[in-house]
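What you see below is based on every heavy atom in this structure, not just the backbone, and it leaves out hydrogens, waters and symmetry mates.
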Amino acid sequence: REGGYRVWATDLSQEAVRLEEEDLLAAAAAARGGAPGEGGDGDARPIPDRLAIVFGTEAVGCTAEMLREADLRVYLPLRGFADSL
């Protein structure tokens with residue numbers, strides 16, 4: 001964060017946002033207290049210029065501390081009958 005990075009952590013909980021543009025825009029708008037597309041302050045770019053995405057282990061995912069400290073929890077959408085961090 002000292003270098004201006006946002007930190008996102010992978011997670012499969014209900015708090016996680018699908019890693020797709022539409023959902024990232026909605027999450028950014030909700031964090032600002034508005035609707036997607038409101039504000040005109042650069043919200044058309046859902047992915048920050050400086051971003052670190054933390055991936056946990058296959059068995060347990062990210063640690064509780066990492067999830068608490070992350071700016072956003074995200075998950076990778078999969079087609080079919082599986083979920084993945």
Return the set of residues passing side-chain contact (heavy atoms from CB on, under 4.5 Å) with Ile47 (not counting sequence neighbours), or none when no residue passes.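 Listed in chain order: Trp8, Leu24, Leu51.
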Could you tell me which non-hydrogen atom of Ala27 sits nearest to which non-hydrogen atom of Leu72, and how far apart they are?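 The pair with the smallest heavy-atom distance is CB-CD1, 4.3 Å.
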Under 3.5 Å donor-acceptor, Arg50 side chain and Gly3 backbone: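 Pair found, side chain donor or acceptor close to backbone of Gly3.
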Would a hydrophobic clustering, with Ile, Leu, Val, Met, Phe, Trp and Tyr connected at side-chain separations under 4.5 Å, put Phe55 with Val17?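 Linked within one cluster.
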Partner residues of Arg6 under the salt bridge (Lys or Arg N to Asp or Glu O under 4.0 Å) criterion, sequence neighbours left out: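 Asp71.
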Enumerate donor-acceptor pairs with a distance under 3.5 Å from any side-chain N or O in residues 60-69 to protein atoms, sequence neighbours excluded.
| from | atom 1 | to | atom 2 | distance (Å) |
| --- | --- | --- | --- | --- |
| Thr63 | OG1 | Met66 | N | 3.1 |

Quick one: does Asp23's side chain get under 4.5 Å of Tyr75's, heavy atoms only?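 Asp23 vs Tyr75: side chains apart.
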